[in-house]
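For the numbers below, each heavy atom of this structure counts, side chains included, while hydrogens, waters and symmetry mates do not. All of these numbers come straight from a predicted model, not from anything done at the bench.
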Amino acid sequence: MAGFTREQVLETLKSVRGPGFDRNIVDLGMVSDVFISDGKVYFSITVPADRAQELEPLRLAAERAVKAMPGVKGALVSLTAERKAGSAPSAPPQGAGHAHHAPGQPQPQRPAKAGIPGIKAIVAVASGKGGVGKSTTAVNLALALKANGLSVGILDADVYGPSMPRLLGITGKPKQIDGRTIVPMENYGLKAMSMGFLVDEGTAMIWRGPMVQSALMQMLREVAWGDLDVLVVDMPPGTGDAQLTMAQQVPLSGAVIVSTPQDLALIDARKGLNMFNKVEVPVLGIVENMSYFIAPDTGARYDIFGHGGAKAEAEKIGVPFLGEVPLTIEIRETSDAGTPVVVSHPDGPQAKVYRDIAEKVWQQVGMRAGRQAPSIVFE
Ligand SMILES: Nc1ncnc2c1ncn2[C@@H]1O[C@H](COP(=O)(O)OP(=O)(O)OP(=O)(O)O)[C@@H](O)[C@H]1O
C-alpha cells in the first residue's frame, strides 16, 4: 500500500491554481478521480479544449506538487477536455464556452495535436469490437513494417487489457531517465510501451476515462521513442468516448481497421470508420482477420467464415482493402508464446501476408502525407 492517500493528494492539489481561475483546481472540480498504483499517482485535469496549450504550466505545477509529496514515486498528469456528467467546474475558467455540448461527450473541435519529435508517422490499429484480433494484427503489422526496413515502435493504448507484454514476450519494468522520461522496452528490434509494463496485471481494469487519457498522453509524449519511421498504436477495442478522445488527441497519420468477416463485426467496423471520419483521421484501410481457416495437418484452406465480407465492405465505402489474414494455429500459438509469427516463422505464408499488409499500409501513409512512401524492397 502507498504511504499516502487520495485525500492527501487532493489536499496537496488545493495549492494549485490556474491563471484567471478564482479558486484552486480541486474546488473548481477540475481534477478527475485520483488513481494510485505502486506509489504512482495518475489523474487528469479538465480544461476547456481551447486553453489546453496555454494551461500546460498548470499541468506541470500539479505534477510537481504531487511528486514532492512524501512517499510519491511518480505522477502522471494530463489535461483533458473531456467533461464528466455532473462535475463541470462550478465557476468555469474563462474561455470555457462549450456549455452547449452534452456533458460527458468529448468536444467536437479537434484540439491542437502537436507531433511527436522524431516520429514520422503514427498509425492506429482499431476495431469496432473486442476479440477480432486487433492486438495480434497490431503487433504483427509493427514487426512486418520493421521487417520491411523501417524503424518501428508500438504503443499499447489498450490500458484496460494491455496485451503487448504477453504478445512480445517482454517482462520487467521500463527504466526512467531524468526522473520523468521512460525508456521504452524492446524486443525483436521493436520499441514498445504498454501500461502492462508499469502496473500489475488487473490493476488497469478499474481506470476511468480521464485517467486513461492521462496515461496515454504520457506514454506517447514522455517516452524516449527516439527516431521512428512509424509508431503503431494498438487502440482500445470499440468506438466509445475513450477511443474518440484518443483519436482526437493523438496526432494520427491514419488508422487501420481490423474486422472479422462476420456481419456483426463488419457493422462494428463501420462504426470504427465513422469514428475516424468524424475526427478527420484518414482510414488507411481494412484488414480482414480470421478470414479463412487453414487446416494444421493438410494445409488445406476452408472458407468457413464467409470470407470476403470486409473486402466487399471496403469497396463499397471506398477505403483500401489491405489484406486477409487466415485463422491459423501458428498465429494463435506464437501470439500466446510471445513470439509473433512474423518473427518466429519469417519464411512462412502468414508472415508474408503481414508483410504485404505492412507494405500497403506504408504506401497509404505516404500517399496521405502527400509524398511518396520510401520504396520497400522485397527479396
Ligand atoms: N489470425 C488469427 N489466427 C488465429 N488466432 C488468432 C488470429 N488473430 C487473433 N487470434 C487469437 O484470437 C484471440 C484474440 O486476439 P487479440 O487479443 O489480438 O484480439 P483483440 O481484438 O485485440 O482482443 P481484445 O479486444 O480482447 O483486446 C487471441 O487468442 C489471438 O491469439
Side-chain angles (χ1 to χ4, degrees), residues 1-99 101 103-107 111-112 159 176 178-182 195 198-199 203-204 206-222 241-242 245 249:
M1 224 191 89
F4 58 92
T5 63
R6 194 170 277 129
E7 287 67 35
Q8 285 168 328
V9 171
L10 286 172
E11 208 44 51
T12 300
L13 287 172
K14 285 190 180 169
S15 66
V16 180
R17 182 188 281 216
F21 297 177
D22 59 355
R23 276 175 292 153
N24 68 68
I25 56 174
V26 177
D27 289 346
L28 282 173
M30 296 165 69
V31 178
S32 70
D33 290 312
V34 173
F35 177 65
I36 300 169
S37 170
D38 198 17
K40 298 197 186 83
V41 181
Y42 306 81
F43 63 91
S44 68
I45 304 172
T46 305
V47 297
D50 56 356
R51 292 189 72 193
Q53 265 179 334
E54 170 205 343
L55 291 174
E56 172 63 14
L58 177 72
R59 185 187 75 79
L60 287 173
E63 203 168 83
R64 255 196 317 269
V66 173
K67 277 187 180 163
M69 289 173 64
V72 172
K73 287 197 218 148
L76 291 171
V77 182
S78 84
L79 298 182
T80 170
E82 198 179 41
R83 197 170 281 171
K84 280 186 301 167
S87 70
S90 48
Q94 41 171 273
H98 307 301
H101 300 305
Q105 293 294 311
Q107 312 278 354
V159 297
Q176 246 189 339
D178 65 42
R180 178 185 184 109
T181 312
I182 297 171
M195 240 333 121
L198 300 177
V199 297
T203 318
I206 54 167
W207 289 37
R208 308 256 175 82
M211 284 184 283
V212 171
Q213 290 311 314
S214 179
L216 285 178
M217 288 308 119
Q218 307 242 339
M219 287 206 291
L220 196 62
R221 297 187 185 273
E222 285 167 26
D241 282 356
T245 311
Q249 291 186 347

Handout entry: Close side-chain approach of V66 to F4, heavy-atom, < 4.5 Å
Key = no
Exercise for the section: Return the minimal non-hydrogen interatomic distance between M195 and A215, and the atom names on each side. Expected result: CE-CB, 3.3 Å
Practice task
Kindly write out the residues that satisfy side-chain hydrogen bond (donor to acceptor under 3.5 Å, both in side chains) with R6, not counting sequence neighbours, or none if the list is empty.
Solution key: none
Handout entry: Atom pair CG/CZ of L28 and R17 - distance to nearest 0.5 Å
Key = 8.5 Å
Handout entry: E222/R59 salt bridge by N-O under 4.0 Å criterion
Key = yes
Handout entry: Side chain proximity check, I45 to I25, heavy atoms < 4.5 angstrom
Key = yes
Practice task
Search all heavy atoms of T12 against all heavy atoms of A65 and return the closest pair with its distance.
Solution key: CG2-O, 3.6 Å
Exercise for the section: Report yes if some heavy atom in the side chain of V31 is under 4.5 Å from a heavy atom in the side chain of V16; otherwise report no. Expected result: no
Exercise for the section: Begin from the C-alpha positions of V72 and V9 and carry the test side-chain contact (heavy atoms from CB on, under 4.5 Å) through to its verdict. Expected result: CA-CA 10 Å; V72 172; V9 171; 5.5 Å; no
Exercise for the section: Please tell me if the side chains of L10 and E7 come closer than 4.5 Å, counting only heavy atoms from C-beta onward. Expected result: no
Exercise for the section: Working to the nearest 0.5 Å, report the span between OG1 of T181 and CD of Q218. Expected result: 10.5 Å
Problem - For the student: nearest non-hydrogen atoms of K14 and D27, plus distance - result: CE-OD1, 3.8 Å
Handout entry: With sequence neighbours excluded, residues passing side-chain hydrogen bond (donor to acceptor under 3.5 Å, both in side chains) with S15
Key = none
Practice task
Could you tell me whether the side chain of K67 reaches within less than 4.5 Å of the side chain of K73, counting heavy atoms only?
Solution key: no
Handout entry: Gap separating the CG atom of L198 from the CD atom of Q176, nearest 0.5 angstrom
Key = 9.0 Å
Problem - Sequence-distant partners of E11, side-chain hydrogen bond (donor to acceptor under 3.5 Å, both in side chains), two or more places apart - result: none
Handout entry: Separation between CZ of R221 and CD1 of I182, rounded to the nearest 0.5 Å
Key = 14.5 Å
